[in-house]
Amino acid sequence: MGPTPRSLSLDSALYRYVVEHSSREPPVLARLRAATAGVRGAQMQIGPDQGQFMQFLVRLTGAQRCLELGTYTGYSSLAVALALPADGHLVTCDVSDEWTQLARQFWREAGVENRIDLRLQPALATLDEFAADGTGGFDFAFIDADKTNYIAYYERVLNLLRPGGLICADNTLWSGDVARPEVDDEDTRAIRAFNDHLHRDERIDLSLVPIGDGLTLARKR
């Protein structure tokens, strides 16, 4: 392995610069982000830069049929839905009625509730139902649910994705803990295993992007 290439450490000042010179966050997304700030688990919400990047990917790939695992208060699903064409469709999976009630409120406000199908049950159950009834051909998927099931989610989603479709998996740098051998909790081990699994997977094209808490992009070959 050669010398370490030049790279940036994104401190708070530089992150603020990135947001100020890149983010075009719609007001409805900004209001949802503010409303989520006081909700339990608010640190789980993706940032505006990542939301915009995902919108960029949705538009770039021409995605129309999308899948999301882990809705929380709906920021990522709203971002994706806003990037879809009028006849686009997103299935999003979560187990919390409390958190997704806030999501529904902002989906309605943004006028995209008709594009979003919320499934309130364990995501694996929804994915298995899709596999059983032949539902597939998804263009884009975002995985941001419990980390211990990441490989199981990925394998099922990959089977439901069309060739050339894109999977985005969140939190794959896990605040840097994946590179700290002394950190050995269950979630960190699960993410390391997921990253190793995808790195070896010849069915996909792969890129781990250091945006947010790490976003892995996997394009189905």
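This is a predicted model, so every value here is computed, not measured.
- The one candidate from V80, L67, L84, L161 that meets the side-chain contact (heavy atoms from CB on, under 4.5 Å) condition with F140 is V80.
- When the shell of 6.0 Å around CD of E186 is examined, it contains 12 or fewer heavy atoms from other residues, nucleotides or ligands.
- Linking ILVMFWY residues whenever their side-chain heavy atoms come closer than 4.5 Å, directly or via other members, places W99 and I116 in the same cluster.
- A donor-acceptor pair under 3.5 Å links the side-chain atoms of T61 to the main chain of V58, judged by distance alone.
- Salt-bridge annotation for D205 and R219: present, with a side-chain N of the basic residue lying under 4.0 Å from a carboxylate O of the acidic one.
- Checking side-chain atoms of D185 against main-chain N and O of T188 turns up a donor-acceptor pair under 3.5 Å.
- No side-chain N or O of D94 forms a donor-acceptor pair with one of Q121 less than 3.5 Å apart.
- Side chains of L57 and C168 form a contact here, defined as non-hydrogen atoms less than 4.5 Å apart.
- D213 has its side chain within reach of S175: a pair of non-hydrogen atoms, C-beta onward, lies under 4.5 Å apart.
- Contact annotation: the side chain of T126 approaches that of C93 to within less than 4.5 Å [non-hydrogen atoms, C-beta and beyond].
- Looking only at distances, no side-chain donor or acceptor of Q55 sits under 3.5 Å from a matching main-chain atom of L82.
- Hydrophobic cluster membership is shared by L158 and I143, with clusters built from Ile, Leu, Val, Met, Phe, Trp and Tyr side chains linked at under 4.5 angstrom.
- Side-chain atoms of R189 come within 3.5 Å of backbone atoms of D184 as a donor-acceptor pair (strictly under, hydrogens ignored).
- By the 4.0 Å N-to-carboxylate-O rule, E68 lies too far from R119 to be salt-bridged with it.
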Does the ring-ring contact (aromatic ring centres under 6.0 Å, His included) test come out yes or no for F130 and F138, once each step is laid out? CA-CA 11 Å; F130 285 164; F138 287 96; 5.8 Å; yes

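- At a cut-off of 3.5 Å, with distance as the only test, a side-chain donor of D97 or Q101 sits close to an acceptor on the other residue.
- Residues L90 and L166 share a single hydrophobic cluster, defined by chaining ILVMFWY side chains whose heavy atoms lie under 4.5 Å apart.
- A side-chain N or O of T71 and one of T92 form a donor-acceptor pair less than 3.5 Å apart.
- The closest side-chain heavy-atom distance from R156 to N159 is not below 4.5 Å.
- Put simply, the side chain of R221 does not reach to within 4.5 Å of the side chain of R203, judged on heavy atoms.
- Clustering ILVMFWY residues whenever any of their side-chain heavy atoms sit less than 4.5 angstrom apart, transitively, puts L127 in the very cluster that holds I167.
- For the pair N149 (side chain) and A152 (backbone), a donor-acceptor distance under 3.5 Å is absent.
- Side-chain contact between H199 and I204 is absent, with no heavy atoms from C-beta onward closer than 4.5 Å.
- Linking ILVMFWY side-chain heavy atoms closer than 4.5 Å, directly or via other members, places F142 and I151 in two distinct hydrophobic clusters.
- Counting heavy atoms from C-beta outward, L208 and T172 have side chains that approach closer than 4.5 Å.
- Across A179 and P181, no two heavy atoms sit closer than the pair O-CD, 3.4 Å.
- Counting only heavy atoms from C-beta outward, the side chains of N195 and V178 approach each other to under 4.5 Å.
- A donor-acceptor pair under 3.5 Å is absent between the side-chain atoms of Q64 and the main chain of H89, judged by distance alone.
- Without hydrogens or angle criteria, K220 side chain to A218 main chain gives no donor-acceptor distance under 3.5 Å.
- A distance-only check finds no donor-acceptor pair linking the side chain of D144 to the backbone of D170 [under 3.5 Å].
- Between the side chain of Y72 and the backbone N or O of A42, at least one donor-acceptor pair lies under 3.5 Å.
- R192 places a side-chain N or O within 3.5 Å of a backbone atom of D177 that can act as its donor or acceptor partner.
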